[in-house]
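Here is the structure we will look at, set down as structure tokens.
The residues of the chain are indexed from 1 along the displayed sequence.
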Amino acid sequence: MNNDIFPCLWYDEDAREAAEFYRNVFDGKITADTPVVINIDLLGQKFMLLNGGPQFKKNASVSFMVICETEEEVQKYWDQLMEGGTILMPLDSYSWSRKYGWIRDRYDVTWQIFLGEKQTEQKLIPTLMFIHQNNGKAMEAMELYTKTFPDSRIGNILRYGDGSEGHPGDEPAGHIQHAHFEIDGYSFFCMDNSYDHAFDFNEGISIVVMTDDQKQTDHYWNSLTGNGGRESMCGWLKDPYGLSWQIVPKRLIQLMNDPDQEKAYKVVQAMMRMQKINIEELEKAYSS
């Protein structure tokens, strides 16, 4: 599994508390602990928790599918995530799974607890919901993502009108009901949805991509900001569908963690002035 690609969850000063909660639910561990960034390992997968402030709220446009192999496992995760949470879809038997439920936990992260076969070794799978102006664009988005990243593929696709049961009758035939894709070995699910939800993609949940060099940084940045995407600051961008990404050179992390705090501070100051991260400029700031 590729841990150079991982989700970032935005918090308003309660990231440390949330990290402890998820560590207990998924028998995980905290791998980095700073006032701003906390990294956790959950079932072999990396998650970043960011104390960013009150600006952005997480929502169900990006949820996390928890693939369970037994009904007891479903119940275990459901009961723990339910503490202080809200049920979005009751834990029940559905046409796609004999035990499934959708829940928003106490920190506004949404989880789909699913009994079924694992398609990869990855157990926690970010699930993207294409809604509003993006409804019907899930296939187009998968094609962009798999074209942009190496070692990528589009897996199983279930479309509305394929004879499946239990889907809303107002969903256009041919739209994606559920699909699996991988970018650089990291799995995602996605779906189209025509319901007029009161939310959409935002910075509350972003996808971090750690890059090896400037060429790779430029490629991902240019591919994801093209055709309607938008550059933001400090390595953040929005792709053409509004999904937020952070394109982060590994060298930036090395320089920011330098034991010489004065040099590290200069690197951070240089990074704060950038949109796309420029490694050469970071090196100049470090050496100045």
Side-chain angles (χ1 to χ4, degrees), residues 1-10 37 39 45-48 50 61-62 120-122 125-128 130 133-134 137-155 157 176 179-190 201-257 267-287:
M1 190 191 311
N2 186 347
N3 268 329
D4 285 343
I5 300 176
F6 50 90
C8 174
L9 311 180
W10 186 288
V37 171
N39 291 336
Q45 291 173 237
K46 183 175 180 178
F47 284 70
M48 175 192 287
L50 175 65
S61 62
V62 182
T120 70
E121 285 305 303
Q122 190 175 321
I125 301 184
T127 302
L128 312 178
F130 289 84
Q133 74 277 8
N134 292 317
K137 295 183 180 179
M139 188 70 211
E140 177 187 306
M142 286 194 291
E143 289 172 346
L144 170 63
Y145 302 149
T146 54
K147 182 177 68 175
T148 298
F149 292 87
D151 189 22
S152 299
R153 68 184 183 94
I154 297 174
I157 297 175
I176 301 295
H180 168 237
F181 68 98
E182 293 181 4
I183 59 170
D184 205 4
Y186 188 83
S187 280
F188 290 82
F189 291 140
C190 69
F201 293 137
N202 69 5
E203 290 85 343
I205 300 180
S206 58
I207 306 300
V208 181
V209 181
M210 304 299 299
T211 60
D212 294 327
D213 52 32
Q214 193 66 50
K215 181 180 179 182
Q216 196 177 57
T217 301
D218 292 348
H219 169 65
Y220 293 152
W221 185 271
N222 295 338
S223 298
L224 293 170
T225 57
N227 298 314
R230 184 159 58 85
E231 298 184 354
S232 187
M233 297 300 294
C234 305
W236 287 68
L237 65 85
K238 285 181 181 289
D239 71 21
Y241 315 99
L243 182 65
S244 290
W245 299 75
Q246 299 180 56
I247 310 301
V248 183
K250 295 173 184 175
R251 183 59 177 153
L252 170 63
I253 305 303
Q254 293 169 353
L255 294 173
M256 286 173 60
N257 290 326
V267 170
V268 171
Q269 291 300 104
M271 181 268 293
M272 295 289 284
R273 295 190 292 270
M274 297 177 182
Q275 292 181 308
K276 180 180 69 178
I277 303 300
N278 184 307
I279 299 173
E280 183 178 353
E281 292 301 318
L282 295 177
E283 298 282 8
K284 287 180 181 177
Y286 176 79
S287 302

Practice task
Look at the side chain of E281 and the backbone N and O of M271, then say whether any donor-acceptor pair between them is shorter than 3.5 Å.
Solution key: no
Practice task
Take E283 and R251 through the side chain to side chain contact (heavy atoms under 4.5 Å, CB included) test and state the conclusion after the steps.
Solution key: CA-CA 9 Å; E283 298 282 8; R251 183 59 177 153; 2.7 Å; yes
Handout entry: Criterion side chain to side chain contact (heavy atoms under 4.5 Å, CB included) on L50 and L9, from CA distance to verdict
Key = CA-CA 6 Å; L50 175 65; L9 311 180; over 6 Å; no
Problem - Residue among Y186, W245, Y220, F188 satisfying ring pair (Phe, Tyr, Trp, His ring centres under 6.0 Å) with Y145 - result: W245
Fill in the blank from the handout: Looking only at heavy atoms, the pair that brings V37 and M48 closest together is CG1-CG, 3.8 Å
Exercise for the section: Locate the shortest heavy-atom distance separating C8 from V208; write the atom from each residue and the value. Expected result: CB-CG2, 3.7 Å
Problem - Point-to-point distance, once rounded to the nearest 0.5 Å, from CD of Q275 to OG of S232 - result: 7.5 Å
Handout entry: Heavy-atom pair of closest approach, residues T146 and I183
Key = N-CG2, 4.3 Å
Completion exercise
Nearest heavy-atom contact between I207 and P7 is CD1-CA, 4.4 Å
Handout entry: side-chain contact (heavy atoms from CB on, under 4.5 Å) partner of V248, chosen from I253, I277, D4
Key = I253
Handout entry: Single hit among I154, I157, T120 for side-chain contact (heavy atoms from CB on, under 4.5 Å) with H180
Key = T120
Exercise for the section: Would you check if the side chain of S244 reaches a backbone N or O of K238 as a donor-acceptor pair within less than 3.5 Å? Expected result: no
Exercise for the section: Report the C-alpha distance between I176 and F130 in whole Å, list the side-chain angles of each, state the deciding distance to 0.1 Å, and finish with yes or no for side chain to side chain contact (heavy atoms under 4.5 Å, CB included). Expected result: CA-CA 9 Å; I176 301 295; F130 289 84; over 6 Å; no
Practice task
Determine whether E182 and F149 make a side-chain contact, defined as any pair of heavy atoms from C-beta on separated by less than 4.5 Å.
Solution key: no
Handout entry: Side-chain heavy-atom pair L255, I279 within 4.5 angstrom cut-off
Key = no
Handout entry: Side chain T127, main chain I125, donor-acceptor under 3.5 Å
Key = yes
Handout entry: Gap separating the OG atom of S61 from the CG atom of N134, nearest 0.5 angstrom
Key = 10.0 Å
Exercise for the section: Nearest 0.5 Å please: distance from the CG atom of L144 over to the NZ atom of K137. Expected result: 12.0 Å
Problem - S206 and Q246: side chain donor to acceptor below 3.5 Å - result: yes
Handout entry: E231 vs L237 side-chain heavy atoms within contact, under 4.5 Å
Key = no
Practice task
Please round to the nearest 0.5 Å and tell me the distance separating atom CE of M139 and atom SG of C190.
Solution key: 8.5 Å
Handout entry: Residues, nucleotides or ligands: over 12 heavy atoms within 6.0 Å of Q269 CD
Key = yes
Handout entry: Separation of T217 OG1 from M210 CE (nearest 0.5 Å)
Key = 9.5 Å
Problem - S187 backbone acceptor or donor facing Q122 side chain under 3.5 Å - result: yes
Exercise for the section: Search all heavy atoms of H219 against all heavy atoms of T148 and return the closest pair with its distance. Expected result: NE2-O, 2.7 Å
Completion exercise
Here the pair of heavy atoms bringing D184 nearest to I5 is CB-CD1, 3.8 Å
Practice task
Go through the steps for L243 and L224 under the test side chain to side chain contact (heavy atoms under 4.5 Å, CB included), then give the verdict.
Solution key: CA-CA 10 Å; L243 182 65; L224 293 170; over 6 Å; no
